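Because the structure is predicted, anything quoted here is derived from the model rather than measured. Values below: all heavy atoms of this structure, side chains included; hydrogens, waters and symmetry mates excluded.
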Amino acid sequence: FPSHDKVFEVFKNGDLIDQEAASRDYQRLFEETVLKMNFKAFCQISILGSANYTPFMRLTAADRRSIVEAILDINIFSTMNTLLKGKIAKAKEDLTDIEGQLIVAKQKITLHQRYLEERSKDTKGREQEYIDSMKESESAIQVLTGEVSSIREKIGNLLSSTEERDNTTKAITDMAVIHRQLRSKIKSVAIDLEFYEKNDTCPTCSQKIDESFREDTLSAKRKKVESLQEAIVEIEKSVDIAQSRMASIEETMREIRELETQAVEKETSIRGLMRSVDKTRRSLEDLSKQSDEDASKNTAELDTLKGEADEMGREREILIDDQFHYGIAANLLKDSGIKGRIIKHYIPIINRTINRYLSQMSLFVNFTLDEEFNETLKSRHRDTFTYASFSEGEKKKIDLALLFAWRTIASMKNSVSTNLLIMDEILDGSLDDTAVEAFLDILKGFDRTVNVFVISHKPKELLESKFERHMQFVKRNNFSRTV
């Protein structure tokens, strides 16, 4: 391929593994399924050279911790901590959400209870209005009934005083007949009286009327007229008395009619009030029935709201309990928690292993890593040094000691297993002959299954006796080819 092309393909048993859409995801797949470690850990355990390599001593504290956690197979706790942080954030978000919902639910309950109280108060007020209206109507009915009874009693009493009306009317009629008869008789007698006063001879027989007879007849006629007139006067007096009585009776009858009208009006009012009471009673019954139905429905809704609030309360308690346990887990998953205890256990082993490899390469210093992966370098005289104060050759020895130590610890822990070790230009640098011999002795002590590649630009003659197999590359037309 041309030099500007970048090809990254992973094959398993001759078959290309499906490539991810992004090369970064494909690399992560390669690290997790093939290398079983991340790129930084791979560079510290399997590669030592100048290109794309940062010695452990030049890494940040966070990168140092990441590599040691991978070697000790405790990065699972970091993964767990990352997942736990997500759970804690989710639980916090859920708790905030459920508390907000709980506040809203409680407000709904309060508003619903207030609504029920106001509805009940309004219903009771309307019921009382109906009751008061019925009492007022019934009281009015009672008063009107009493008034009607009083009127009817008065009418009865008045009617008893008009029982002679018919007789009085008949008497007046009879006396009018008698009066007419008396008048007629007076006229007849007056005619006879006039005849005897003006005539002394009978017009029929022309005989002279006896004077004594005529006087006696006139006297008798005059008495008869007087008697009839007296009778008429008496009749007229009786008529006047009867008519006066009749007028009194008529006045009583008018009063009775007025009282009857009043009684009828009051009885009509009573019937209207009774209908109003019946209507109000039905309205009260309907209101009571509707109130009971609404109360049952609203109580059910309130119970539902309370049930939802109780459920939210239980969910809140669960989330609070989860947060408590997440807090405990977070403390355990902190760098100072479980990982700290494991690292504290392995730090002495790591330090002993590093110092053993330093001794093998004749660098007699006391190398110590603390639990925060800060190094301390002391000489035999207990003088303190820094990594930067050493020569390049001594730095290379420290880097090699660390690489071999990490491989040894990984093998002990059975966490990161690799049969590959690549040394790029290690022998071409600043190592002295003694260090090179010590380095080669360490390589010879590796298991035969470990594939060690030492890349060097030194002549083949100088290294031929040091290794069992050799591969030579030359660059032609910008491509490296085997010879």
Side-chain angles (χ1 to χ4, degrees), residues 40-61 63-65 67-68 71-72 343 346-413 416 418 421-447 450 452-458 462-463 465-467:
K40 290 181 180 179
F42 179 75
C43 290
Q44 294 297 318
I45 295 174
S46 299
I47 298 177
L48 184 61
S50 57
N52 296 325
Y53 170 74
T54 303
F56 183 84
M57 297 304 296
R58 291 192 177 97
L59 294 174
T60 63
D63 288 337
R64 290 183 181 185
R65 173 175 288 277
I67 290 168
V68 174
I71 292 170
L72 296 179
I343 290 171
Y346 275 95
I347 280 293
I349 300 172
I350 293 171
N351 288 332
R352 284 197 301 271
T353 305
I354 294 171
N355 284 305
R356 176 164 57 82
Y357 282 115
L358 287 173
S359 297
Q360 284 182 269
M361 287 185 290
S362 302
L363 183 59
F364 299 104
V365 295
N366 184 19
F367 185 97
T368 305
L369 283 176
D370 62 16
E371 295 174 13
E372 299 298 324
F373 306 104
N374 299 310
E375 78 281 358
T376 302
L377 291 154
K378 292 184 179 180
S379 68
R380 292 179 179 179
H381 303 291
R382 315 307 292 174
D383 295 326
T384 302
F385 297 93
T386 62
Y387 179 76
S389 65
F390 288 94
S391 66
E392 291 302 317
E394 290 171 330
K395 290 178 182 177
K396 188 66 71 176
K397 290 179 181 181
I398 294 173
D399 294 340
L400 286 169
L402 285 167
L403 180 141
F404 294 140
W406 296 141
R407 291 181 67 90
T408 301
I409 296 299
S411 177
M412 290 170 52
K413 193 71 174 63
V416 178
T418 176
L421 177 59
I422 300 173
M423 301 291 188
D424 186 12
E425 300 182 6
I426 297 301
L427 301 180
D428 301 346
S430 53
L431 287 178
D432 56 26
D433 294 339
T434 303
V436 170
E437 290 299 327
F439 167 70
L440 293 174
D441 288 340
I442 293 172
L443 292 182
K444 290 175 183 178
F446 281 0
D447 189 279
V450 179
V452 180
F453 294 87
V454 179
I455 302 170
S456 176
H457 294 286
K458 287 185 177 184
L462 294 176
L463 298 175
S465 62
K466 306 295 185 183
F467 299 96

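- Within the 4.5 Å cutoff, the side chain of F404 has no heavy atoms near those of the R356 side chain.
- For the atom pair OH (Y387) and CG (D399), the distance works out to 3.5 Å, reported to the nearest 0.5 Å.
- Side-chain contact between M57 and F367 is present, with at least one heavy-atom pair separated by less than 4.5 Å.
- Residues L402 and I354 have side chains in contact (heavy-atom distance under 4.5 Å, counting atoms from C-beta outward).
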Side chain to side chain contact (heavy atoms under 4.5 Å, CB included) between I349 and R352, intermediate numbers included: CA-CA 5 Å; I349 300 172; R352 284 197 301 271; 3.4 Å; yes
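- What you find for A401 and M361 is that their closest heavy atoms are N-CE, 3.5 Å.
- Between the side chain of N355 and the main chain of N351, a donor-acceptor pair closer than 3.5 Å is present.
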Apply side chain to side chain contact (heavy atoms under 4.5 Å, CB included) to residues I347 and I343 and explain how you reach the verdict. CA-CA 6 Å; I347 280 293; I343 290 171; 3.7 Å; yes
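- Between V68 and F56, some side-chain heavy-atom pair lies under the 4.5 Å cut-off.
- Residues F373 and L59 fail the side-chain proximity criterion, which asks for heavy atoms closer than 4.5 Å.
- Using a 4.5 Å cut-off on side-chain heavy atoms (C-beta onward), I398 and L358 make contact.
- A distance of 4.5 Å separates CH2 of W406 from CD1 of I350, quoted to the nearest 0.5 Å.
- The backbone N or O of L363 sits nowhere less than 3.5 Å from a side-chain atom of K397 that would complete a donor-acceptor pair.
- When side chains are defined from C-beta on, K378 does not count as touching T368, because their heavy atoms never get closer than 4.5 Å.
- Between R58 and K395 the shortest side-chain heavy-atom distance falls below 4.5 Å.
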